[in-house]
Every structure is written in C-alpha cells, then in structure tokens.
Amino acid sequence: MSRTLFGFDYGLKSIGVAVGQELTATARPLVALKANDGIPDWSQVEKLLKEWQPALLVVGLPLNMDGTEQDISRRARKFANRLHGRFGLPVELQDERLTTTDARARLFEAGGYKALGKDAVDAVSAQLILESWMETR
C-alpha cells in the first residue's frame with residue numbers, strides 16, 4: 001500500500017511543508033507557509049491537505065543535541081496536536097536534529113548561496129524530516 005505523507009518543519013515565522021510517498025520512501029519539498037508566532041494560516045494548510053490528501057502527517061520535533069526538549073519543542077507538539085484536532089489525520093513526531101544544517105548543505109551544493117533562501121531551507125528541512133521518519137519505519 002502506498003500512502004501519501006506530509007512532513008512539517010515547524011517554526012515561529014515559517015513552517016516548511018514536504019510531500020512524500022511511503023512506497024518509494026521519497027519526499028520532495030512543497031512550500032514554506034508564513035506563520036505568525038508559530039500559527040499558520042490554517043486555510044492554507046487545509047488547501048494543501050485537500051489537494052494532496054495525505055494519510056499521515058509528520059511534524060519535526062526540535063531537540064537539543066543531548067536529546068532534551070526546549071521551548072520550541074513544546075510549541076511543535078502543540079502544533080502537531082492542533083493539526084490532528086483540526087483535520088482528524090494521524091500525526092507523528094520525528095526528531096529533527098541537524099535537518100536545517102543538512103538542508104542548507106544540500107541547497108548550497110545544488111545552487112550555491114543563491115539557493116539558500118529561507119523558504120527553500122524550511123521546505124527542504126520538512127523533506128528531510130519526512131525522509132528520516134520513513135527510514136526509521
């Protein structure tokens with residue numbers, strides 16, 4: 001069975017979104033949604049969900065390098081709970097340590113400094129979160 005999955009890189013100003021296929025265990029960046037203190041325009045989220053109809057949502061959980069949580073971790077959990085509450089889809093959390101660093105490295109390798117726009121970094125970070133979730137399953 002092949003399910004469509006969504007990955008989210010939660011942030012206070014921007015939330016990266018990626019789409020993936022479970023069968024191929026691949027993902028690609030979609031978009032970075034603007035956020036106001038961590039709150040997206042929920043109608044934009046709803047539009048993406050209706051268009052792609054994912055079966056599962058994966059939200060990156062920011063952790064310190066020692067595995068402990070930080071304030072943004074709590075907010076990412078709250079965002080995941082809101083996604084589930086609003087849309088009724090299953091939501092899982094995935095450790096996202098170093099995804100932003102990896103995303104920047106990937107983008108720089110592909111296109112130099114010009115490729116390092118904030119929206120691109122957030123969307124690729126969401127892709128990496130989703131890919132890492134699929135790798136651990």
field: Steps toward salt bridge (charged side-chain N to carboxylate O under 4.0 Å, His left out) verdict (R75, D37)
entry: CA-CA 10 Å; R75 295 188 71 168; D37 196 29; 3.2 Å; yes
task: Might you confirm whether atom CG of N64 has over 12 heavy atoms from other residues, nucleotides or ligands at distances under 6.0 Å?
output: yes
message: Can you confirm whether Q94 sits close enough to S132 that some side-chain heavy atom of one is under 4.5 Å from a side-chain heavy atom of the other?
response: yes
field: Test salt bridge (Lys or Arg N to Asp or Glu O under 4.0 Å) applied to R82 - qualifying residues, sequence neighbours left out
entry: none
task: With rounding to the nearest 0.5 Å, note down the distance linking OG in S2 to CD in Q21.
output: 4.0 Å
query: Would you call R137 and E92 a salt bridge, using N to O less than 4.0 angstrom?
result: yes
- prompt: Are L48 and L33 close enough that some pair of their side-chain heavy atoms sits under 4.5 Å apart?
  reply: yes
- request: Could you tell me which non-hydrogen atom of L130 sits nearest to which non-hydrogen atom of A27, and how far apart they are?
  value: CD2-CB, 3.9 Å
- request: Over all heavy atoms of both residues, which pair between R74 and E69 is shortest? Give the atoms and the distance, please.
  value: N-OE1, 4.4 Å
Straight-line distance of L83 CG to L49 CG, nearest 0.5 Å: 7.5 Å
statement: Nearest heavy-atom contact between A18 and A123 is CB-O, 4.1 Å
message: Please say yes or no: joined through hydrophobic side-chain contacts below 4.5 Å, possibly via intermediate residues, are V19 and W133 part of one cluster?
response: no
message: Does any part of the side chain of R28, heavy atoms only, come nearer than 4.5 Å to the side chain of E131, both counted from C-beta?
response: no
task: Over all heavy atoms of both residues, which pair between I15 and G38 is shortest? Give the atoms and the distance, please.
output: CD1-O, 4.1 Å
task: Rounded to the nearest 0.5 Å, what's the gap from CZ on F6 to CZ on F87? Could you check?
output: 10.5 Å
field: Sub-4.5 Å side-chain heavy-atom contact between Q127 and D9
entry: no
message: Do L23 and L5 sit in one hydrophobic cluster, given that two such residues count as connected whenever their side-chain heavy atoms are within less than 4.5 Å of each other, even indirectly?
response: no
- prompt: Could you go step by step and tell me if D95 and T136 meet the side-chain contact (heavy atoms from CB on, under 4.5 Å) rule?
  reply: CA-CA 11 Å; D95 180 353; T136 61; over 6 Å; no
message: With heavy-atom distances below 4.5 Å as the criterion, would you say the side chains of L89 and H84 are in contact?
response: no
- prompt: Got a second to check how far D122's CG is from F8's CZ, nearest 0.5 Å?
  reply: 13.0 Å
Identify all side-chain donor-acceptor contacts of residues 51-63 below 3.5 Å with residues at least two apart in sequence or on another chain.
none

query: Do side-chain atoms of R86 reach the backbone of E46 as a donor and acceptor pair under 3.5 angstrom?
result: no
- prompt: Measuring from M134:CE to I129:CD1, what's the distance to the nearest 0.5 Å?
  reply: 12.0 Å
- prompt: Could you give the distance from CZ (R77) to OH (Y10), rounded to the nearest 0.5 Å?
  reply: 13.5 Å
task: Look at the side chain of S14 and the backbone N and O of G11, then say whether any donor-acceptor pair between them is shorter than 3.5 Å.
output: no
